[in-house]
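Whatever order the structure lists ligands and atoms in, that order sets their numbers, starting from 1.
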Amino acid sequence: MSYLKGLKCKECGKEYPADRSFVCLECFGPLEADYDYSKIQSQLNPQIIEKRAPNLWRYRELLPLESEPITGFNSGFTPLVKASRLAEHLGVSELYLKDDSVNHPSLSYKDRVVSIALSRGVELGYTVFACASTGNLANAVAAHCARTGFPCLLFIPSDIEIAKIKGALVSKPRVVSLEGNYDQVNRLCSEIGDHYGWGFVNVNLRPYYTEGAKTMGYEIAEQLGWKLPDHLVLPTAGGTLLPKVAKAFHELTQLGWVEGQTKIYSAQAEGCAPVVHALHRNLDYFDPEKPNTIAKSIAIGNPADGAYVMQEVRKSNGWGETATDPEILQAIELLAEKEGIFTEPAGGATLASAIKLIRQERINPLETIVVAITGNGYKTLEALDTEAEVDVVLRPNLKIFKEWYEGQTNLLNSSVEVVP
Ligand SMILES: *Cc1c(COP(=O)(O)O)cnc(C)c1O
Ligand SMILES: [Zn+2]
C-alpha cells in the first residue's frame, strides 16, 4: 500500500510518475516526491509511530517507497541530547543536540538519505549503485551496499587524499578516481548514470534520496514530545538537509501532529559560505565560491539546492552564520569538553555559528534551541592538528606515580558540585 502519489517539479509544479525521472522536462527544475496526505492522516498518527522500531522507517508512510525497505533498519532515530552543561556555559535555558555523529552504520547524517535512495532504487530496478563524493556520502553508499549485497562504484576527484575514503574502501567498493575537480566528476556522473542505468544516489535518485533528510525533522519533533523547537541550526553543504527538514516540519504541522514554529538557521564555514553570504547581503541569488576551509564535508561552493536553503531560512524568519577555521576547532573542543561528543569540522561549524547567533541575540536564550551535529570527529582526526599531549610519562610503579601526583596542585579540580 503506497502513499507516494508521484513526483512534482519544485519550480513549475508539473507532475510526473514516481519513476526514474529526476529533472523537469519543461523547466529543468528538480523533482520532489508528493504524497497522499489525506490517506496518511486517516491511517497514521503519533501514537502508532511511537510503537514502532527506533529507526527512520517509523515514518515510512511519509517516505517515497512502495514496498518494503531493504536497508536502514538501524539508521536514524539518533539521540536528541539535552546539553545541560553546554547550555549553562552559553547562558541558554534549553539546548538540544541532534546527534547524527552516531548514526548507523557510517556515522553521519548521510545514512538517512542513502537508506531511502537504495530502497527506492531497488524498487525502480537499479542493480548497481554509485555516487560522487569525497567523504561521508561515499562511506554511507559503500556501507549500505555492502550490507545489501549490491555492487557499488564511488567516483572521486583525483586531487583528494586517499586517506579520506579509507573508511569507505574497507567494505571493498569499486573506486574510480577522475582527473578533474568536483564539478567535472558530478557532470560525468549524470552522463554515466543515463548511459549504464546505474543508480547514482545523489544524481538520478535525487528526488528519493533527498526525502531521507526529512527524517531528521520528524525525529526532532517526536523527541521533543511532538513539538517543534523555537530555533534550529543546521549545516548547509549541497543544500539538501535544511529545506527537507523544513518540509518535514511543514508536513507535521499540516497533519495536525505538532504545534509551534521554528526559526531555521543555516551554518557554513566562512571559507565556503555562498548561501550565508547571500543572506547577509540580502541578495536574491548566491554567488558560487571557491572552498577554502577545514570543514571539507560541507565545502560545496556551488550548492545544487542553495536557493531553496535561502528560501526556507527566509520563510521561517531565520538567518545564517559562518565560522572561521579557528572557531570551528574551538567549537569541536567545547562540545567535547562540555558534552563528551566528538564531532567533525561540519559539527564544529554548526555549533560555532549557533554560538554567534546566540551572542547576537538572534536566538532568544530563553527559548528551545536545537543544533544538528551531522558527522563524527573520528573520521577527521587530522583536522585537529594537535599532538596527543599527555600530562606525564612515567615508569609503571606506584611510588613513582605517588611522587609525581602528590607534587601536582589542582590536577583534578571538579566542576561538579556534590551536595553531601
Ligand atoms: C552532507 C553533509 C551535510 C549537509 O549537506 P547538505 O548537502 O546540505 O544536505 C552536513 N554535515 C555533514 C557532516 C555532511 O556530510
Ligand atoms: Zn518544471
Side-chain angles (χ1 to χ4, degrees), residues 7-16 21-32 78 98-103 106-114 117 131-141 164-165 167-168 182 186 201-202 206-207 209-217 233-247 264 266-269 272-276 286 293-310 312-313 320 328 332 342-351 353 371-380 383:
L7 300 177
K8 206 170 174 178
C9 174
K10 238 174 121 83
E11 289 299 317
C12 74
K14 187 174 159 62
E15 295 181 7
Y16 293 84
S21 311
F22 62 102
V23 290
C24 177
L25 301 175
E26 303 281 320
C27 76
F28 300 106
L31 303 184
E32 187 169 54
T78 56
K98 182 56 175 163
D99 190 7
D100 268 21
S101 77
V102 294
N103 210 345
S106 73
L107 305 176
S108 88
Y109 130 77
K110 296 299 194 299
D111 284 315
R112 300 178 182 279
V113 282
V114 171
C131 73
S133 164
T134 62
N136 288 320
L137 184 59
N139 285 226
V141 171
K164 271 210 218 91
I165 55 154
Y182 200 71
N186 258 329
V201 297
N202 56 340
R206 198 167 176 81
Y209 165 94
T210 55
E211 287 290 286
K214 293 193 304 183
T215 59
M216 183 188 283
V233 187
L234 296 169
T236 294
T240 296
L241 180 62
L242 192 148
K244 289 293 174 163
V245 169
K247 182 180 179 185
I264 307 180
S266 166
Q268 295 196 297
C272 183
V275 167
V276 175
F286 66 84
T293 168
I294 55 165
K296 307 272 185 214
S297 47
I298 53 168
I300 296 186
N302 190 7
D305 292 322
Y308 299 119
V309 174
M310 291 171 63
E312 293 302 332
V313 163
I328 289 171
I332 290 175
F342 184 24
T343 188
E344 65 154 286
T350 311
L351 178 58
S353 300
V371 176
I373 301 301
T374 49
N376 194 301
Y378 288 101
K379 289 188 194 175
T380 54

From M216 CE over to K98 NZ, what is the distance, rounded to the nearest 0.5 angstrom?
7.0 Å
Show your working on side chain to side chain contact (heavy atoms under 4.5 Å, CB included) between S108 and K379 and close with a plain yes or no.
CA-CA 10 Å; S108 88; K379 289 188 194 175; 4.2 Å; yes
Assess the residue pair F342 and I332 against the criterion (side chain to side chain contact (heavy atoms under 4.5 Å, CB included)); give the C-alpha distance rounded to whole Å, side-chain angles, the decisive distance to 0.1 Å, and a yes or no.
CA-CA 7 Å; F342 184 24; I332 290 175; 4.1 Å; yes
Regarding S106 and D111, is there a side-chain donor-to-acceptor distance under 3.5 Å anywhere?
yes
Set out, in order, the CA-CA distance, both residues' side-chain angles and the distance that settles side chain to side chain contact (heavy atoms under 4.5 Å, CB included) for L234 and Y109, then state yes or no.
CA-CA 11 Å; L234 296 169; Y109 130 77; over 6 Å; no
Below 2.8 Å, which protein N, O or S atoms neighbour the Zn ion (ligand 2), ignoring water?
C9 SG, C12 SG, C24 SG, C27 SG
Please give the N or O to N or O pairs under 3.5 Å between ligand 1 and the protein, distances rounded to 0.1 Å.
{"from": "ligand 1", "atom 1": "7 (O)", "to": "G238", "atom 2": "N", "distance (Å)": "2.8"}
{"from": "ligand 1", "atom 1": "7 (O)", "to": "G239", "atom 2": "N", "distance (Å)": "3.3"}
{"from": "ligand 1", "atom 1": "8 (O)", "to": "A237", "atom 2": "N", "distance (Å)": "2.8"}
{"from": "ligand 1", "atom 1": "8 (O)", "to": "G238", "atom 2": "N", "distance (Å)": "3.4"}
{"from": "ligand 1", "atom 1": "8 (O)", "to": "G239", "atom 2": "N", "distance (Å)": "2.8"}
{"from": "ligand 1", "atom 1": "8 (O)", "to": "T240", "atom 2": "N", "distance (Å)": "3.4"}
{"from": "ligand 1", "atom 1": "9 (O)", "to": "Y109", "atom 2": "OH", "distance (Å)": "2.8"}
{"from": "ligand 1", "atom 1": "9 (O)", "to": "T240", "atom 2": "N", "distance (Å)": "3.3"}
{"from": "ligand 1", "atom 1": "9 (O)", "to": "L241", "atom 2": "N", "distance (Å)": "2.9"}
{"from": "ligand 1", "atom 1": "11 (N)", "to": "T374", "atom 2": "OG1", "distance (Å)": "2.6"}
{"from": "ligand 1", "atom 1": "15 (O)", "to": "K110", "atom 2": "NZ", "distance (Å)": "2.7"}
{"from": "ligand 1", "atom 1": "15 (O)", "to": "N136", "atom 2": "ND2", "distance (Å)": "2.9"}

Heavy-atom closest pair, residues A346 and T374:
CB-OG1, 4.1 Å
Can you confirm whether the side chains of N103 and T78 place a donor and an acceptor under 3.5 Å from each other?
no
Can T293 and Q268 be said to form a side chain to side chain contact (heavy atoms under 4.5 Å, CB included), step by step?
CA-CA 10 Å; T293 168; Q268 295 196 297; over 6 Å; no
Test T240 against every option in R112, K110, R206 by the side chain to side chain donor-acceptor pair (under 3.5 Å) rule and name the one that passes.
R206
